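Everything below concerns the one structure shown next.
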2 protein chains.
Amino acid sequence: MGDKIKVRKSKEKVIEVATGLFHRKGYQPTSVDEILERSGVKKSTFYYHFKSKEELALKILDMRIEEFESDVISKTLCETSISPKNRLHKFYERVKAFHQSLKCYEGCPFGNLAIEMSDINEKFRTRLSAFFKRWEEAIESCIREGIENGDFRSDINPTLAAGLILSQLEGAIMMAKTYKTLDPLANGAQTVLKLLQLA
Amino acid sequence: MGDKIKVRKSKEKVIEVATGLFHRKGYQPTSVDEILERSGVKKSTFYYHFKSKEELALKILDMRIEEFESDVISKTLCETSISPKNRLHKFYERVKAFHQSLKCYEGCPFGNLAIEMSDINEKFRTRLSAFFKRWEEAIESCIREGIENGDFRSDINPTLAAGLILSQLEGAIMMAKTYKTLDPLANGAQTVLKLLQLA
DNA sequence: CAATTAGTACTGACTAGTTAGTCCTAATTT
DNA sequence: AAATTAGGACTAACTAGTCAGTACTAATTG
């Protein structure tokens, strides 16, 4: 007795396991069979909960986006109780800590998916595109406020700078994954922060 | 008659077709069968020339790296007959033209592969890592020279700036592919060029 | 109160197609 | 003679997805 306690836990277990696999291996190279094997869930149960592998991945993407926006963006870039400069700094620290905990493996779950899926699946692309846009806007607001309160140079364009910062961050995560060192991320954060401020 | 002119062309044809497919779909999602079908080459002929799909992909990667270094990096960033500032400008123009011709599809063949393969295949990772390093060094030399001749601000660190520029470029290509617009690339180039120069 | 129905969660067996790669012989080209 | 290509049969593992049916619980009905 005791080995039938998996009642009403299959769906959560599948989501948990698939979240890790999609991040590690990507969407396409992750097979439903591997998700099933690692989660101990039967195929028939999987297809009872999800109508397809795509539906599962889109649900997981939505969950990760929501989590990132409420746990990271809201608590750093949008945390108006601290100064814009410190908000941006805190944001970089959070991202660095995340990739340090991953030992520079896996990379950005959103960037990975954007590269893998943007050309071949419009559902993934529109979600990622809208999310990146909101992310840029959060950075932009932070910069705009930092210019107003004197944290940042007044001769920079907040919109352009925000776009540059997000691009640079995603590229740095890509480089960190390739070089297997956090340096691109740390150096990028340092350089961006310096460039935003007065000489 | 006339449709048997594929003599001694199988290898080149496979490389040509696979180069496109690996760029468009990635390494793993591209099947040997699809390469064969599109190139009109038989499986036995394929395995006569290449011992595996991996060997083919590594060969193609080496070719693309060599081509990029001699056709793009050498002729822009390292073209010492023009000024550092104009070299960097020309480099950005080449990259923008490339992705414009692709209508913001496909992305960077190197960045795509770096994200897909760095964690799972050390042969791909070491090649990409060494290539990115050389690319950064080319940018760094260009900046260093630009500081010396007065093109760029003297208070920037060429090493850090080069790392930032490559990261930003790769991230901007990712964003361009996701948003399906060249703006991230164009804005990034403009902003970087401005930041490098005196106010 | 007993019988029925409906909804949720789950199972095992199955399909039809794809995957990379092998093996062999015969023909053709250089 | 050596290199290259054609043609095809084949393997073993893997791919996403289907299907009929079981077990249990809660609400509904006669």
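Chain naming here is simple, since letters A, B, ... match the order of the sequence lines and numbering starts at 1 in each. Just so you know, these numbers come straight off a predicted model, no measurement behind them.
Rounded to an integer number of Å, the gap from B/Glu37 CD to C/dG17 C1' is 14 Å. Distance CG (A/Asp33) to C1' (D/dT15): 7 Å, rounded to an integer number of Å. Note: OH (A/Tyr27) to P (D/dT15) measures 13 Å, nearest angstrom. In this entry the distance linking NZ of A/Lys53 with C1' of D/dT18 reads 17 Å, nearest Å. Here the C1' atom of nucleotide D/dG17 and the CD atom of A/Glu54 are 14 Å apart, to the nearest Å. Rounding to whole angstrom units, CD1 of residue A/Ile35 and C1' of D/dG17 are separated by 13 Å. The CZ atom of B/Phe46 sits 21 Å away from the P atom of D/dA3 (whole-angstrom rounding). Atom-to-atom, NZ of A/Lys9 to C1' of C/dT8 comes out at 15 Å; the value is rounded to the nearest Å.
In the set D/dG17, D/dT5, C/dA20, the nucleotide with an atom closest to the side chain of B/Tyr47 is C/dA20. Residue B/Ser44 has its side chain nearest to D/dG8 when only D/dG8, C/dA9, D/dG17 are considered. Of the candidate nucleotides C/dA20, D/dG17, C/dC10, D/dG17 has the atom lying nearest to any side-chain atom of A/Ser52. The A/Tyr48 side chain lies nearest to C/dA9 when the options are D/dT4, C/dA9, D/dA16.
How far CD of B/Glu136 is from CG of B/Leu164: 10.0 Å, rounded to the nearest 0.5 Å.
In terms of phosphate contacts, A/Lys42 brings a side-chain nitrogen or oxygen within less than 4.0 Å of OP1 or OP2 of C/dG12. Residue A/Ser31 has no polar side-chain atom (N or O) positioned under 4.0 Å from OP1 or OP2 of D/dC14. For the pair A/His49 and C/dC10, the criterion of a side-chain N or O lying under 4.0 Å from OP1 or OP2 is met.
For the pair B/Lys43 and B/Tyr48, the cation does not sit on the ring face, since its NZ or CZ is not both under 6.0 Å from the ring centre and inside 45° of the axis.
Judged by atom type and distance alone, A/Lys43 does not reach the base of C/dG12 through any side-chain donor-acceptor pair under 3.5 Å.
B/Phe110 and B/Leu128 get closest at one heavy-atom pair: O-CD2, 3.8 Å.
At a cut-off of 3.5 Å, with distance as the only test, no side-chain donor of A/Gln28 or B/Gln28 sits close to an acceptor on the other residue. A donor and an acceptor atom, one from each side chain of A/Asn121 and A/Glu54, are located under 3.5 Å apart.
As judged by a 4.0 angstrom heavy-atom cut-off over every strand, A/Thr45 is placed among the base-contacting residues.
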